[in-house]
Amino acid sequence: MRTRQPRRLGKATKAGRATKADRAGQPGQGRVALLFLLPALISLALLRLIPAGVALVDSFFTESLLRGGRVFVGLGNYSDLLGNADFRKSVGVTLLFTVIVNPLQIAVAFLLAVLYTQRATGSKFWRSLVILPIAVPPAVSAVIWSVIYRPDGLGNSFLDLLKIPAQPFLTSTEQALPSIIVLLSWIGVGYWMLFLIAGINDIPDDIHEAASLDGVSPWRRLWSITLPLVRRPLAFVLVADTVSNLLVFAPVQILTKGGPNGTTNLMMYDVYNRAYAIGDLHTAQAEVILLVAVTLIIVALQFRLLRGDDR
């Protein structure tokens, strides 16, 4: 017993030394990890945080010709925005656009995800065609659809085959916003479908097999099994799609420039127009802050919703 006890103490001593060595190595590992993260942190600060801080500060000032420089106006730019009819119309158009485009894109993406996860002949080929618009930049997609929406374009040619009169599309106050929605859905449905396909593939096959053996119909399985089990991917897609659509700019700039009569003047385009066409940079900065505030609220709701699903 006396000869074994020192050996046990020796092992404990070695273990203690190893533990101390590991603890001593942890700060070094933290520094190495920080070095790897440093480029991303610098990029985040230079491209996101600092410009956001500059925009917030500039939103409290205005340019005065009488005083020859910037003048602090506090919340004056914000009150001017809220009292501006064009801004209020832009907010209304953006909300209407969001209410329509988000459920449309998510519903179509979900149905296509369910369809293309079935082991059917040709499903991979059709799924690839739906995903293909993701590889095309939004500006290029807008140019393509500008040709489709021309009076003598592919859109009216297709309608002519159905014996439907030619439509004005982008030049109509009633059709311009739906035309933008169709374009953005063509771009976004395939992208959001990828997330939902991943969520559907994570559902165990045993659940569907058990429901099939019990005689549950496909529509019942879709509503009672698939939809509840992909609630978390759906929640993420819903919020991410909302944020993405709040920042739509290129298609509006290329196709309609906010017209006709402001029916497609989304907030992101209104910021650009106010800053570079009107030249009111400080009020545009205030509008950016309002848009960022809405985005942050949605992101906060996203995290809360995802956290609620984990409980």
Side-chain angles (χ1 to χ4, degrees), residues 81-112 130 133 136-193 237-238 240-278 284 287 290-291 294-295 298:
L81 272 177
L82 297 176
N84 187 289
D86 292 335
F87 172 74
R88 293 198 302 269
K89 184 176 181 179
S90 175
V91 174
V93 170
T94 303
L95 293 177
L96 176 63
F97 168 78
T98 303
V99 167
I100 296 174
V101 72
N102 292 340
L104 175 64
Q105 289 185 0
I106 294 170
V108 174
F110 177 71
L111 293 176
L112 289 177
V130 175
V136 182
V140 177
S141 299
V143 172
I144 294 173
W145 279 84
S146 69
V147 177
I148 295 175
Y149 285 143
R150 288 175 54 181
D152 57 347
L154 184 62
N156 279 323
S157 298
F158 178 74
L159 293 178
D160 185 60
L161 294 176
L162 301 176
K163 305 301 181 182
I164 299 176
Q167 301 297 317
F169 294 121
L170 299 175
T171 58
S172 169
T173 55
E174 291 80 16
Q175 297 181 13
L177 188 61
S179 298
I180 297 291
I181 290 174
V182 171
L183 162 61
L184 294 174
S185 298
W186 182 76
I187 296 172
V189 163
Y191 181 72
W192 304 121
M193 184 186 71
V237 168
L238 173 62
D241 187 35
T242 302
V243 174
S244 175
N245 288 322
L246 283 172
L247 304 179
V248 168
F249 170 74
V252 176
Q253 164 67 9
I254 294 172
L255 294 179
T256 63
K257 292 181 170 54
N261 296 328
T263 53
T264 60
N265 187 29
L266 302 178
M267 286 186 67
M268 197 65 203
Y269 179 77
D270 192 63
V271 169
Y272 165 82
N273 187 61
R274 196 176 299 277
Y276 298 103
I278 301 176
E287 190 170 357
L290 294 177
L291 185 58
V294 173
T295 305
I298 294 175

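In what follows, every heavy atom counts, from backbone to side chain, and hydrogens, waters and symmetry copies are set aside. These numbers were taken from a predicted model, which means no experiment stands behind them.
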Distance-only donor-acceptor hits, side chain of residues 184-191, under 3.5 Å, sequence neighbours excluded:
unit_1, atom_1, unit_2, atom_2, d
Ser185, OG, Ile181, O, 2.8

* Going by the salt bridge (Lys or Arg N to Asp or Glu O under 4.0 Å) test, which pairs reach into residues 141-153, not counting sequence neighbours? -> Arg150-Asp152
* To do: Could you walk me through whether Met268 and Val248 pass side-chain contact (heavy atoms from CB on, under 4.5 Å), step by step?
  => CA-CA 6 Å; Met268 197 65 203; Val248 168; 5.9 Å; no
* Which value, rounded to the nearest 0.5 Å, describes the distance between Asn84 atom CG and Asp270 atom CG? -> 8.0 Å
* Any side-chain heavy-atom pair from Trp145 and Val182 closer than 4.5 angstrom? -> yes
* Using the side chain to side chain donor-acceptor pair (under 3.5 Å) rule, collect all pairs that involve residues 243-262, keeping only residues at least two apart or in two chains. => Asn102-Asn245, Asp241-Asn245, Thr256-Thr264
* Apply side-chain contact (heavy atoms from CB on, under 4.5 Å) to the pair Leu170 and Leu255, showing each step before the final yes or no. => CA-CA 7 Å; Leu170 299 175; Leu255 294 179; 4.0 Å; yes
* **For Pro260, side-chain contact (heavy atoms from CB on, under 4.5 Å) partners two or more places apart** => Thr173, Ala176, Thr263
* Which residues pass the ring-ring contact (aromatic ring centres under 6.0 Å, His included) test with Phe169, sequence neighbours left out? -> Tyr149
* Can you pull the ring pair (Phe, Tyr, Trp, His ring centres under 6.0 Å) pairs that have at least one residue in residues 87-111, sequence neighbours excluded? -> none
* For Leu154, which residues count as a side-chain contact (heavy atoms from CB on, under 4.5 Å) partner, sequence neighbours excluded? -> Ile148
* Could you name each residue pair satisfying salt bridge (Lys or Arg N to Asp or Glu O under 4.0 Å) that touches residues 82-99, not counting sequence neighbours? => none
* To do: For Gln105, enumerate each residue passing the side-chain hydrogen bond (donor to acceptor under 3.5 Å, both in side chains) test, keeping only those at least two apart in sequence or located in another chain.
  => none
* Non-neighbouring partners of Tyr276 that pass ring-ring contact (aromatic ring centres under 6.0 Å, His included), sequence neighbours left out -> Tyr272
* **side-chain contact (heavy atoms from CB on, under 4.5 Å) involving Thr94 - partner list, sequence neighbours excluded** => Ser90, Thr98, Leu246, Leu266, Met267
* Which pairs count as side chain to side chain donor-acceptor pair (under 3.5 Å) when at least one residue sits in residues 155-169, sequence neighbours excluded? -> Gln167-Gln175
